[in-house]
Structures are given as structure tokens and as C-alpha cells.
Amino acid sequence: MPSNAEAAEIFRNIADLLDVLGERFKPEAYRRAARSIDTLTEDLAQIAARDELDTIPGVGEAIGEKIREYLGTGHIAYYDRLQKDVPPGVVEIMRLPGLGPKTARRFWTELGVGGPPELSDAIAAGRLDSLKGFGPRKIELIREALATAKAVPGGGARLPIDEAYPTAMRILKALRERSRHDRVEIAGSFRRRRETVGDLDILVTSDEPERVFDTFSSLSDIREVQQRGTTKETVFLKSGLQVDLRVVDPRSFGAAMVYFTGSKDHNVRLRTIARDRGLKVNEYGVTRGEEIVGGRTEEDVYAALRLAWIPPELRENRGEIEAAAQGPLPPLVEEADVVGDLHVHLSSEGGASEVDRFVAEARRRKYRYLGLIIARSTAGSPPWIADDRVLSHLASIHPTGLELLRGVEIAPGASLPTLRNVSPEYVVLPARDAGTGPGPTASGGPPIRLIAHFSTGPDRTVGIHPWIERAKSTGAAVEVGPGMDRLDSNAARMALEAGVRLAIATGLGADPEDPTLPIALGFARRAGAGVSGVANAGAAEGGGARRSRPGR
DNA sequence: GCCGTTTTCGGCCCGACTGTTTTCAGTCG
């Protein structure tokens, strides 16, 4: 079964091959199409069946035809032909850090080098020394790149955002502590809350870039400083994560935040709009000739282009710019809108003190309710229910302003009578039983139902569909957040499009550094969710001015 | 190969950094 992810991967490979062949604009066209396909909420086959492939941004006649060929035959003749023309190792060389298509092509055509092993041999034999443009330093860098590639297969792969999060917060904290008067913010795909991040982009305002760079270079877990100029420094952490630090003038901070937050497609569109209006946008500001018309804040950058400010999570050139041209965008859900947690597990050992800890944290966050999973059953074992002491402790709590909900998690094999016996106020449906397993009936049912723990097949985009259908038919909300068993932003968008509400995972009860809430919130925002689209969000008391935006 | 509020052809973001260079090419984001 051909999948969207496989099709996108093929187009990315085609782009690399065309790069090596020296094509100028086609590679980017194929990559753009691949990026679009990655964010689709529907199968390509369904879109093709409606004859609407050309509505996908970046997909025109030629690529549309290749998609149809792929759906019909599982192959793309053009791709097969390119693979015959270019040795696979040449693309590998191109992907080495610091090398690119031009260099890989030269090794191939001028030295007959068809892959990394042959390149190593060529270096050892001194065959690069006679090549114009290759001095000793460059040859050494290539040698290192080859060694690193061998040492870390898959090195440079994108990291799940929840794994990058603690590192990002630690760096941010260190920089802020040592330069109190300056702005220090993270931009890039991390700020857009993409599911994965390739590197971290940090922006700092300062009059003394050298001091900032010194602080940055002295962070504890740095493996190497890769480059350091007057405005930019790039380091690699011991974990392999790349971190870029840029020092910018305060007058350019907004423009730099827009520029380095991206996405690339969003920026390209902004620049096109600017050009059409006689303006120029770069990381220093918006200019009309010599005149600076914006740059200190993100708002004035967008305003100079006659656009409303666009939240970072939406900056993917998926129509947000056109919407911002019409006026302010509908507000997205914010952290202050989250009014409760629907899905906190009591462990079998935690007992009453664990309940107290959850309640205290929920109060600290000013939540209105807390959904505790007090009974659970697991496959092949009898239902485990919290012991009597915990239940009586729960009954004794009358937390001011906090309502305790009791929840039940149904696992495969659990039966409805079991559930009724414990009188669930709401029900958490696990994955694995889509459409076949037991579920609560509508009559006398709970006020809030939740589907959490999604399990899908290899193709997540396809596998998530039955769950959203199930949520729709049962009136359940679906949980969004980091981790493979929750919805990511793409799936969350599918849910919202189907009229299903999201539940934001809050990480309540985890340690204070736990990234669940900011990431879950970010995913919901990327999906375009406002307060009404989130089951555990409500209008904040007092309302009004509580927004905080790094780009301001 | 795609695209259009200067549309069906002629463009395609643009600046920092590095290494190898007497003025630039390649890579990266």
C-alpha cells in the first residue's frame, strides 16, 4: 500500500539526485512538494480519486502525474532512471556535513569517486591535492566528515521535540542568567513546535557579542565549536544536537525572530509579498529603499507587509499568510486557557500521598478539575482498582475550587458491566480496539469521554483515521501531546476538521521540567485549535491581556 | 518544476561563514 510518507521520501530522493546532476530549480520544487505531502491530513489516493492533486501546494502537472503513476504502479519511471544514472554513493557524499551537490559531483565526474569508501581511498592516495579549490584544511574537514558519518550512522537525524526540550530549556536558562538585560529566545522549528527538530536556533540581543559567545562556548555539554564569526556561532553538543546562536541588534530582533523561526516556505512567501510591494525583508528588518519600516518586533514586521501577526505554530505557508492579510487571526488556545487535566494515572503504589501531590499541583495551576484514573484493567489480568484507603481518601477531599473526576481506563477484554460497577464520570478509551472493542453507550454516559493511547500501524496518518471516526461517533475527545501513543499536530488537525475536540495532555504529576504541556499545547495550536476546540480549555477568569510573545 | 493582486513566461530569499582565494564558490539555514 503506497503511503504519503513513502511518496514524500521518493520526491526528496529525486531532489537529491537532481542536485547532483546540477539542476538549478527542480530540486527545490520536488522538496517543496515533499514537504506539502508530509503535512496532508488525507491519503494521496483519496485526493487523486477526486482529481484534486493540483490543489496541493507545490504539486503541479508533472509531479501530479508522477503521484498518479506511483499510486497506480508503485513505481516512478523517472526516479528509476535517475537512480540508474547516478551511483547511490554520490548522494551519500553529498549528504555529508559541509559537503554539497557541487562537491559530490566534482568528485564523481573528475575523480570517478562513486561513494564514501572510494572518497576515503582517494584522500589517502592524495588524489584530492591536485584538485582546484581543495586545500589541506578542506581535505581534513572531509576526512572528519567521513569518519563521523561512519561513527554515527543516522547522525544528524531530527530529534523528537520532547527529547530536545530539556536541553533547550537548560541552554536558555544558562544564557539568561549570564546576560540579564538581553533578550534570549529560541526560534526555529522548536518555536514552531514541530514534532521533530533538526537543530536549535537561539537569538540573543547584546552589545557585547563576544561575551555572549564566550558564555555559550563554555556550556558544559559542548562537544565542539563548529564555527564562530562576529554574529553567529555553531556548536555541536555531546548528544550530537546542533545549536546555532546568533547575536542581533535590538532594533532587528523582531525581524530576526521572524526570519529564524521560519518556516522556509513561510519566509519565501513573506519575501515575495514584500517584493511585490516595493519592500525588502531580511533578518535585519523591512526596508523600502534606504528607509527602515519595521524590524524591532514581529508585529511591526508583519504590519509593514500589511499582515496581522501570525503565531509561530502556524507559519508553514498553508494559508495563514492569506488569512493574516484579511485581518487578525482567530485566537489559538493558550496555556492560561487550560482549566484541567482529564487523564492522570494513579499508580498502584502511590496511595493517598500521590493523590495529595496531584491535587496540590492542580491547585497550583488553578485547574478547575482533575480527572484521576482510579481503576484500570490490563489485557489478560483482572481489573485493578485503587484500594479502599485511596478511595476513601478521595472521598474525604473537598478541594476548594477543584473538582475531582473519577475516570476509568478500558483495556482490551474489559467489559461494560465492570465499568458500570465503578460508576465512571468519564471514560478513557485505549487504543487497539477501534470499532470492535467495548465502549460506553450514550445513554447515561459520562459528560466527558476521552480517547487516549493511540496505537497505529506503520503509517500513522492512515492508522489514526479510525480513531478519529470513533471519537466522532462516541462524542469523545482525543488526547494530543508528545509520544507515539498520542496525537501529533497533523492528526490533531484531522480531528478538528472532523469536528472532534482535542484534550491537551498536561504532564501533571511529572517533574517540573516535564515538557508535556508546552508541547501538547503547541501541537494543538499547530492544528489551529482555539479554546472551543479543546475539551480541557475554557475562557480564563478575568480574560483579556495575558498574552506573552517572545517576538514582541 | 512550480507559480501568478506586475499570470502562461521569467523568475525562483538572501546573508553569514569558511576555505581558498586576489574576488569567489560552496554550503548552510
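Protein chains get the first letters and strands the later ones, always in sequence-line order, with residue 1 at the start of each.
With a cutoff of under 4.0 Å to any heavy atom of chain A, the contacted region of DNA chain B is bounded 5' to 3' by B:dG1 to B:dG29.
Evaluation of the side chain to side chain donor-acceptor pair (under 3.5 Å) rule for A:Glu61 yields no partner, not counting sequence neighbours. Residues meeting the salt bridge (charged side-chain N to carboxylate O under 4.0 Å, His left out) test with A:Glu52, sequence neighbours left out: A:Arg50.
A donor-acceptor contact closer than 3.5 angstrom links the side chains of A:Ser489 and A:Glu195. A donor atom on one side chain and an acceptor atom on the other are found under 3.5 Å apart for A:Ser217 and A:Glu233.
Separation of the C1' atoms belonging to B:dC2 and B:dT7 is 13 Å when rounded to the nearest angstrom. For the P atom pair drawn from B:dT23 and B:dC28, the interatomic distance equals 26 Å after rounding to whole Å. Using atom C1' as the reference point in both B:dA25 and B:dT20, the two lie 9 Å apart (nearest Å).
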Mind listing the side-chain donor-acceptor pairs of residues 87-97 of chain A below 3.5 Å, one per line with the distance, residues two or more places apart or on another chain?
| residue | atom | partner | partner atom | Å |
| --- | --- | --- | --- | --- |
| A:Arg95 | NE | A:Asp16 | OD2 | 2.9 |
| A:Arg95 | NH2 | A:Asn13 | OD1 | 3.2 |
| A:Arg95 | NH2 | A:Asp16 | OD2 | 2.5 |

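Residue contacts shown for A:Lys280 are limited to sugar-phosphate atoms, with no base heavy atom under 4.0 Å away. Within 4.0 Å (heavy atoms only), A:Arg24 reaches no atom of the nucleic acid at all. Using a 4.0 Å heavy-atom cutoff across all strands shown, A:Tyr259 reaches at least one base atom of the nucleic acid.
Comparing A:Gly60 and A:Ile139 against DNA chain B, the residue whose closest nucleotide sits nearer the 5' end is A:Gly60.
Contacts of residues 11-23 of chain A with DNA chain B (heavy atom under 4.0 Å): none. Of the residues in residues 92-111 of chain A, A:Leu96, A:Pro97, A:Gly98, A:Leu99, A:Gly100, A:Pro101, A:Lys102, A:Thr103 come within less than 4.0 Å of DNA chain B through at least one heavy atom, sorted by number.
Pairing for B:dT8 is absent, judged as Watson-Crick or G-U wobble with the two contacts each under 3.5 Å.
Cation-pi geometry between A:Arg32 and A:Tyr30 is not met: the NZ or CZ atom fails to fall both under 6.0 Å from the ring centre and inside 45° of the normal.
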